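Here the structure is laid out as structure tokens; the discussion comes afterwards.
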Amino acid sequence: MDGEELTEQETALYDRQIRVWGANAQRRLTKAHIFVSGIKGTVAEFCKNIVLAGVGSVTLMDGRLVNEEALNANFLIPPDQNAYSGKTVAEICCESLKDFNPMVRVSVEKGDLSTLGTDFFEQFDVVVIGYGSPATKKYVNEKCRKLVKRVAFYTVDCRDSCGEIFVDLQDYKYMKKKLEETVECELNFPSFQEAISVPWKPIPRRTAKLYFAMRVIEVFEESEGRKHGECSLLDLARVLEIKKQLCEANSVSESHIPDSLLGRLITGTTEFPPACAIVGGILAQEVIKAVSGKGDPLKNFFYYDGEDGKGVMEDISNSFTS
């Protein structure tokens with residue numbers, strides 16, 4: 001990403017951004033290649049933000065045909081059925097994003113995410129997995145970690161007015177201002193598998209309840225063979241049963257995870273647009289920081305709950321057990 005200088009056209013278009021984070025950061029952005037899978041409301045917000053910021057390219061993957069469910073909170077899909085009939089979500093979103101910034105190359109990748117090899121991800125600097133199963137997230141994260149070059153890996157999941165972002169930057173170095181000087185800092189990130197496998201008992205009790213609730217929902221969907229969001233209030237009894245089992249296995253009180261929160265997550269399977277804007281905006285901000293190498297990155301989970309309007313960062317790693 002240390003290629004040629006910005007062109008006159010790029011300098012003119014991104015003038016305001018250059019004044020905020022500098023020409024070098026903008027140059028890195030214009031050379032960055034982003035892969036995005038799973039385009040619902042929050043990911044649509046993220047894509048809009050990074051395209052407007054001026055990344056080099058965005059490759060989209062979402063083979064779902066556009067239907068009423070896909071329209072929820074995704075402003076990249078026009079409401080006119082004639083405009084999207086027979087097209088996939090990725091194809092329609094690709095057309096919309098090109099209009100936001102013609103200088104960004106936006107394309108569609110077809111296929112099955114779970115079958116892509118390590119070489120495929122080597123062409124990208126950032127990989128974002130939206131609304132994937134834990135197995136898919138683990139698979140792609142492992143592929144990214146096997147590469148010689150460092151590929152920033154993110155997952156994002158939004159249910160109702162609740163959102164979760166996971167970040168894996170592996171061994172990440174960045175510049176930070178301290179008083180009158182700029183110093184180099186380094187952070188070591190755990191993989192997705194490591195982060196969700198940390199025993200619950202050593203984790204501080206003040207940790208966001210959403211961390212534990214999301215793990216319960218993931219176990220439920222995997223054990224029942226459900227896709228993301230395929231649940232309803234009828235499943236609450238089974239979800240509470242899984243919560244009890246996980247709490248007992250981790251030697252923690254069931255009060256760690258409020259029943260009311262689990263109820264919201266399984267009944268509010270559609271996204272709340274204002275929450276999409278917030279979580280998608282945070283995700284875009286983090287990707288820009290990772291690409292530019294400027295600013296403290298999020299490590300390694302971010303949670304937002306629209307019920308209280310709070311967003312919190314949680315560093316979940318094996319350091320709790322060491």
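The figures here come from the full heavy-atom set of this structure, side chains too, leaving out hydrogens, waters and symmetry mates. Worth saying up front: this structure is predicted, and the values here are computed from it rather than measured.
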Would you confirm whether the ring centroid of Phe153 sits within less than 6.0 angstrom of the ring centroid of Phe192? no
Enclosure of Glu184 CD (heavy-atom neighbours >12, cutoff 6.0 Å): yes
Gap between atom CG of Leu52 and atom OH of Tyr14 - 0.5 Å precision: 9.0 Å
Is it true that Leu283 and Phe272 fall in one hydrophobic cluster, defined by side-chain heavy atoms closer than 4.5 Å? no
Any salt bridge between Lys48 and Glu45, counting N to O under 4.0 Å? yes
Any chance you could measure Asn72, atom CG, to Cys276, atom SG, to the nearest 0.5 Å? 7.5 Å
Look at the rings of Phe35 and Phe124 and say which category their plane angle falls in: under 30° parallel, 30 to 60° tilted, over 60° perpendicular. tilted
Show the nearest heavy-atom pair for residues Val108 and Cys94, with the distance to one decimal. CG2-CB, 3.7 Å
Determine, step by step, whether Glu122 and Lys146 satisfy the salt bridge (Lys or Arg N to Asp or Glu O under 4.0 Å) criterion, reporting the C-alpha distance in whole Å, the side-chain angles of both residues, the deciding distance to 0.1 Å, and the verdict. CA-CA 10 Å; Glu122 192 171 17; Lys146 288 180 180 178; over 6 Å; no
Taking NZ, NE, NH1 and NH2 as the nitrogens, is one of them in Lys176 or Asp296 under 4.0 Å from a carboxylate oxygen of the other? yes
For Asn49, give me all partners under side chain to side chain contact (heavy atoms under 4.5 Å, CB included), at least two apart in sequence or on another chain. Ala284
Are any non-hydrogen side-chain atoms of Tyr303 and Asp305 less than 4.5 angstrom apart? no
Separation between CD1 of Ile129 and SG of Cys144, rounded to the nearest 0.5 Å: 7.5 Å
Under the side-chain contact (heavy atoms from CB on, under 4.5 Å) rule, what do Asp168 and Asn300 come out as? Steps first, then yes or no, please. CA-CA 7 Å; Asp168 176 16; Asn300 53 342; over 6 Å; no
Side chain to side chain donor-acceptor pair (under 3.5 Å) with Gln26: which of Gln17, Glu10, Arg19, Lys31? Gln17
Distance in Å, Phe46 CZ paired with Ile282 CD1, rounded so as to fall on 0.5 Å steps: 12.5 Å
Take atom NZ of Lys149 as the centre, draw a 6.0 Å sphere, and report whether it contains more than 12 heavy atoms from other residues, nucleotides or ligands. yes
Short side-chain to backbone donor-acceptor contact, Asn250 and Lys201, under 3.5 Å: no
I want to check something: taking the side chain as every heavy atom from C-beta on, are Leu60 and Val106 in contact at a cut-off of under 4.5 Å? yes
Between Met175 and Trp21, is there shared hydrophobic-cluster membership here, with clusters defined by ILVMFWY side-chain heavy atoms closer than 4.5 Å? no
Is the backbone N or O of Ala208 less than 3.5 Å from a side-chain atom of Glu314, with the two atoms forming a donor-acceptor pair by type? yes
Please walk me through it: do Lys299 and Tyr172 pass side-chain contact (heavy atoms from CB on, under 4.5 Å)? CA-CA 11 Å; Lys299 182 175 185 290; Tyr172 179 67; over 6 Å; no
Between the side chains of Ser255 and Arg205, does any donor sit under 3.5 Å from an acceptor? yes
How close do Leu113 and Tyr139 get, counting heavy atoms only, and between which atoms? O-CE2, 3.7 Å
Minimal non-hydrogen separation, Ile92 against Pro78, with atom names: CG2-CD, 3.5 Å
Indicate if Val312 and Phe212 have the same hydrophobic cluster label, given that clusters are the connected sets of ILVMFWY residues with side-chain heavy-atom separations under 4.5 angstrom. yes
Contact between Lys294 and Lys177 at the side-chain level, heavy atoms closer than 4.5 Å - yes or no? no
What are the two closest heavy atoms between Val89 and Ala70, and how far apart are they? CG2-CB, 4.0 Å
Does Met103 belong to the same Ile/Leu/Val/Met/Phe/Trp/Tyr cluster as Ile50, with side-chain heavy atoms less than 4.5 Å apart forming each link? yes
Please examine the side chains of Ile257 and Trp200, heavy atoms only from C-beta on, and report whether any two atoms are closer than 4.5 Å. yes
Would you check if Val151 and Phe121 make a side-chain contact, meaning some heavy-atom pair closer than 4.5 Å? no
Under a single-linkage definition using a 4.5 Å side-chain heavy-atom cutoff for Ile, Leu, Val, Met, Phe, Trp and Tyr, are Leu233 and Val216 assigned to the same hydrophobic cluster? yes
Could you check if a side-chain atom of Phe166 sits within less than 4.5 angstrom of a side-chain atom of Lys137, using non-hydrogen atoms only? no
Qualifying residue for salt bridge (charged side-chain N to carboxylate O under 4.0 Å, His left out) with Glu221, from Arg238, Lys227, Arg215, Arg159: Arg159
Let me see the working for Leu261 and Glu307 under side-chain contact (heavy atoms from CB on, under 4.5 Å), right down to the final yes or no. CA-CA 10 Å; Leu261 177 57; Glu307 192 167 84; over 6 Å; no
OH of Tyr174 to OG of Ser292, rounded to nearest 0.5 Å, is 12.0 Å
Side chain Asp235, main chain Ser232, donor-acceptor under 3.5 Å: yes
Would you mind reporting whether Pro297 and Val167 have side-chain heavy atoms less than 4.5 Å apart? no
Between Ile77 and Cys93, which heavy-atom pair has the shortest distance, and what is it? CG1-SG, 4.3 Å
So, applying side chain to side chain contact (heavy atoms under 4.5 Å, CB included) with Leu265, which one of Cys162, Cys231, Ser260 is it? Cys162
Just grab all the salt bridge (Lys or Arg N to Asp or Glu O under 4.0 Å) pairs involving residues 250-263, residues at least two apart or on different chains. Lys243-Asp259
Derivation of the side-chain contact (heavy atoms from CB on, under 4.5 Å) call for Leu187 and Leu169: CA-CA 8 Å; Leu187 288 174; Leu169 303 182; over 6 Å; no
Considering only NZ, NE, NH1 and NH2 on the basic side and carboxylate oxygens on the acidic side, decide whether Arg145 and Glu142 come within less than 4.0 Å. no
Heavy-atom donor-acceptor pair, Ser197 side chain to Glu194 backbone, under 3.5 Å: no
Give a yes or no on this: more than 12 heavy atoms of other residues, nucleotides or ligands lie within 6.0 Å of atom CD of Glu186. yes
Do Thr42 and Glu271 make a side-chain contact, defined as non-hydrogen atoms from C-beta onward lying under 4.5 Å apart? yes
Smallest heavy-atom separation, Asn101 atom then Gly54 atom, equals ND2-CA, 4.0 Å
Please confirm whether Phe302 and Tyr304 have ring centers closer than 6.0 angstrom. no
Rounded to the nearest 0.5 Å, what separates atom NZ in Lys209 from atom CG in Leu262? 11.5 Å
Would you find a donor on one side and an acceptor on the other, under 3.5 Å apart, between the side chain of Asp62 and the backbone of Arg64? yes
